[in-house]
Amino acid sequence: MQETDLPAGVQYFLIALQVLALGIFLYFVWPLVKSEKWREKFIENKTARSILIVFVLIFVFVYGIGFVFDSLFPVERLDQN
């Protein structure tokens with residue numbers, strides 16, 4: 001089933017449910033995030049900084065490969081007659 005098959009009310013309900021879940025998640029996680037010393041853990045630690053840089057480079061590479069393939073080989077839509 002595609003999302004366009006759902007009634008508009010159900011789509012809005014699902015979006016609202018996702019936003020509510022995000023809000024609850026942030027409510028529980030924010031005190032833990034706020035109490036950490038991020039600079040000491042990730043920026044000043046050379047090993048952790050190197051790992052973060054590698055993760056960012058991997059993300060950029062994967063996103064770039066996806067963009068290239070989407071540009072060169074677009075998805076062909078099949079007619080539903």
Side-chain angles (χ1 to χ4, degrees):
M1 178 189 322
Q2 296 179 354
E3 63 186 24
T4 55
D5 296 339
L6 295 174
V10 175
Q11 288 182 11
Y12 292 136
F13 172 73
L14 290 174
I15 292 171
L17 190 64
Q18 292 172 1
V19 170
L20 178 68
L22 176 66
I24 292 171
F25 175 77
L26 290 176
Y27 175 76
F28 285 118
V29 171
W30 185 249
L32 300 172
V33 171
K34 193 174 179 183
S35 66
E36 290 290 335
K37 297 177 181 176
W38 296 100
R39 182 167 183 85
E40 294 173 4
K41 271 188 161 180
F42 295 106
I43 305 302
E44 295 172 1
N45 184 350
K46 290 184 179 184
T47 304
R49 185 176 52 208
S50 300
I51 291 172
L52 284 175
I53 290 170
V54 168
F55 280 142
V56 168
L57 289 175
I58 289 171
F59 175 76
V60 168
F61 177 74
V62 169
Y63 183 78
I65 290 293
F67 178 76
V68 167
F69 275 98
D70 286 342
S71 299
L72 295 177
F73 307 107
V75 175
E76 295 181 13
R77 305 279 182 202
L78 298 177
D79 291 330
Q80 295 179 353
N81 292 336

Original post:
Considering residues at least two apart in sequence or located in another chain, which fulfil the salt bridge (Lys or Arg N to Asp or Glu O under 4.0 Å) criterion with Glu36?
Top reply: Lys41

Consider only side-chain heavy atoms of I, L, V, M, F, W and Y, link residues closer than 4.5 Å, and tell whether [X] and [Y] are in one cluster.
X: Phe25; Y: Val33; result: yes
X: Tyr27; Y: Leu20; result: yes
X: Leu6; Y: Tyr12; result: no

Subject >> Test side chain to side chain contact (heavy atoms under 4.5 Å, CB included) applied to Glu40 - qualifying residues, sequence neighbours left out >> reply: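 Testing Glu40 for side chain to side chain contact (heavy atoms under 4.5 Å, CB included), a comparison that skips the adjacent residues, returns Lys37, Glu44.
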
**OP:** Tell me, please, which residues at least two apart from Leu32 pass side chain to side chain contact (heavy atoms under 4.5 Å, CB included).
**Re:** none

Donor-acceptor pairs are to be reported for all side-chain atoms of residues 48-69 against protein atoms at under 3.5 Å, with residues two or more places apart or in another chain.
unit_1 : atom_1 : unit_2 : atom_2 : d
Arg49  : NH1    : Ile43  : O      : 3.0
Ser50  : OG     : Lys46  : O      : 2.9

